[in-house]
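Following: one structure in structure tokens, then a few remarks.
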Protein chains: 2
Amino acid sequence: MATGSYHHGNLRAALLERAEEVLVKDGAVGLSLRGLARDLGVSHAAPTRHFRDRQDLLDTLVTEGFGDLNHRLREAAGSAGPVDERLTALGRAYVVFATERSALLEIMFAAKKEEGAGEDLRRLAHVSLEIAAGLIGEAQQTGAVRPGDPARLAQVAFSAVHGLAVLAVGGLLDGTPVDEATDLTLNVLLAGLGAAP
Amino acid sequence: MATGSYHHGNLRAALLERAEEVLVKDGAVGLSLRGLARDLGVSHAAPTRHFRDRQDLLDTLVTEGFGDLNHRLREAAGSAGPVDERLTALGRAYVVFATERSALLEIMFAAKKEEGAGEDLRRLAHVSLEIAAGLIGEAQQTGAVRPGDPARLAQVAFSAVHGLAVLAVGGLLDGTPVDEATDLTLNVLLAGLGAAP
DNA sequence: ACCTGAACACCGTTCAAGT
DNA sequence: ACCTGAACACCGTTCAAGT
């Protein structure tokens with residue numbers, strides 16, 4: 001599909017696709033616009049027609065990544081079942097995403113100090129937190145979670161699963177299978193959230 | 001101090017010092033060996049006398065970073081006071097390090113997929129986990145922490161504080177002051193660790 | 001032992017010019 | 001509208017040569 005219009009048809013989409021392949025294989029360091037152009041058989045200047053600069057391409061990947069993540073989180077949060085099971089599902093979904101797309105996760109939480117486009121990305125990251133906060137608010141109504149600002153408790157929950165993902169991706173879990181580490185983390189987290197302040 | 005022998009005296013130390021300044025200011029992306037050489041007034045090839053390549057300089061910074069981190073953690077873990085207070089101190093020390101030296105923290109938990117020298121760095125990261133595991137083992141004896149493999153519980157504890165540091169550095173805490181977010185995280189964590197499995 | 005200078009093979013980015 | 005080719009100012013890394 002996609003009939004080649006000039007040289008490629010949809011160079012933009014091809015660049016993004018190839019970029020994530022390179023990202024998985026060599027990390028963000030090994031990703032160059034000239035390299036992508038070479039891989040796709042176009043001139044080295046062609047990518048700049050579709051992305052202002054290298055960072056713009058990276059930001060586009062990150063945006064897509066947050067889209068996928070937030071979609072998965074919404075599915076987990078909205079599934080059937082009691083609220084504590086949905087909280088567990090939410091945590092697991094995060095860790096699954098983080099380990100499946102670890103190269104992407106790394107750049108999602110890296111270039112957060114860029115001033116310009118960083119604002120949009122921060123808003124997207126925020127959505128993840130808001131999904132967690134919504135579910136925690138629900139859980140507070142059933143008494144499964146202690147009282148308190150749901151946004152702040154969501155920060156705590158996010159910290160737990162994100163930190164675990166970093167350990168897993170960094171190979172610091174030793175022999176512990178990721179699933180077991182995840183379940184233990186979520187068990188401790190939910191026990192802690194449930195306990196009286 | 002340090003009399004200039006040829007051009008600089010101790011170029012190696014000067015490179016490391018300048019490198020962390022650049023890291024803080026521009027991140028790992030903006031750090032180039034040629035740039036450092038320019039800043040220090042030496043030829044562009046001079047740095048390769050002291051560091052095999054760019055990654056070697058980065059690894060050296062990371063090693064020093066883990067040294068500092070583990071020193072701080074040991075101090076917090078070994079301070080006077082009941083074990084749960086020391087656990088809190090340990091968590092706070094981690095977050096303080098992570099926010100004070102956030103640029104360094106980023107590269108400490110980034111290039112973890114390098115095959116060669118990564119082994120040494122993983123061992124250093126491990127030390128942090130072992131310090132936490134030791135303290136958790138102590139806390140189990142007083143009944144402050146639930147039974148279970150201290151190494152696995154340390155992974156959970158590490159996840160909580162590391163994840164929080166990422167949120168803080170990434171500007172995702174909204175209005176929440178870091179100290180308050182830290183204390184809430186540690187409160188939830190310790191409550192969760194104390195509860196029966 | 002430590003540094004220089006030239007060299008090679010890469011980059012990102014811009015810009016006139018082509019189709 | 002989309003791409004090319006040359007150009008400019010950068011990189012990392014190597015290697016003979018200097019002191």
Protein-nucleotide distance ([X], atom [atom1]; [N], atom [atom2]), rounded to Å:
{"X": "A:R49", "N": "C:dT19", "atom1": "CZ", "atom2": "P", "answer": "16 Å"}
{"X": "A:D53", "N": "D:dC10", "atom1": "CG", "atom2": "P", "answer": "17 Å"}
{"X": "B:D56", "N": "D:dT13", "atom1": "CG", "atom2": "C1'", "answer": "13 Å"}
{"X": "B:L15", "N": "C:dC2", "atom1": "CG", "atom2": "P", "answer": "13 Å"}
{"X": "B:D26", "N": "D:dC10", "atom1": "CG", "atom2": "C1'", "answer": "15 Å"}
{"X": "A:N10", "N": "D:dA1", "atom1": "CG", "atom2": "P", "answer": "18 Å"}
{"X": "A:R52", "N": "C:dT13", "atom1": "CZ", "atom2": "P", "answer": "10 Å"}
{"X": "A:L57", "N": "C:dT13", "atom1": "CG", "atom2": "C1'", "answer": "15 Å"}

Worksheet item: Can you find a pair of side-chain heavy atoms, one from A:E106 and one from A:L23, that are under 4.5 Å apart?
Response: no
Discussion item. Can you confirm whether B:L90 sits close enough to B:L73 that some side-chain heavy atom of one is under 4.5 Å from a side-chain heavy atom of the other?
Written reply: yes
Worksheet entry | Donor-acceptor pair under 3.5 Å, A:R34 side chain vs C:dT13 base |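 Donor-acceptor pair under 3.5 Å: yes.
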Have a look at [X] and say if it touches a base, only the backbone sugar-phosphate, or nothing, with a 4.0 Å heavy-atom cut-off.
{"X": "B:R38", "value": "sugar-phosphate"}
{"X": "A:H50", "value": "sugar-phosphate"}
{"X": "A:R54", "value": "sugar-phosphate"}
{"X": "B:T48", "value": "base"}

Worksheet, complete the sentence: Closest of C:dT4, D:dT13, C:dG12 to the A:L33 side chain is C:dG12
For the [atom1] atom of [X] and the [atom2] atom of [Y], what is their distance to the nearest 0.5 Å?
{"X": "B:D84", "Y": "B:L135", "atom1": "CG", "atom2": "CG", "answer": "9.5 Å"}
{"X": "B:D174", "Y": "A:L129", "atom1": "CG", "atom2": "CG", "answer": "7.5 Å"}
{"X": "B:L172", "Y": "A:H162", "atom1": "CG", "atom2": "NE2", "answer": "9.5 Å"}

Worksheet entry | For DNA chain D, stems built from three or more consecutive Watson-Crick or G-U wobble pairs below 3.5 Å | C:4-8 with D:12-16, C:12-16 with D:4-8
Practice prompt. Can you sort out the partners of A:E138 under salt bridge (Lys or Arg N to Asp or Glu O under 4.0 Å), two or more places apart, ordered by chain and number?
Written response: A:R86
Worksheet item: Between A:F109 and A:F66, how do the two ring planes meet: parallel, tilted or perpendicular, split at 30° and 60°?
Response: perpendicular
Worksheet entry | Position toward the 5' end of DNA chain C (nearest nucleotide), B:H44 or A:S32 | B:H44
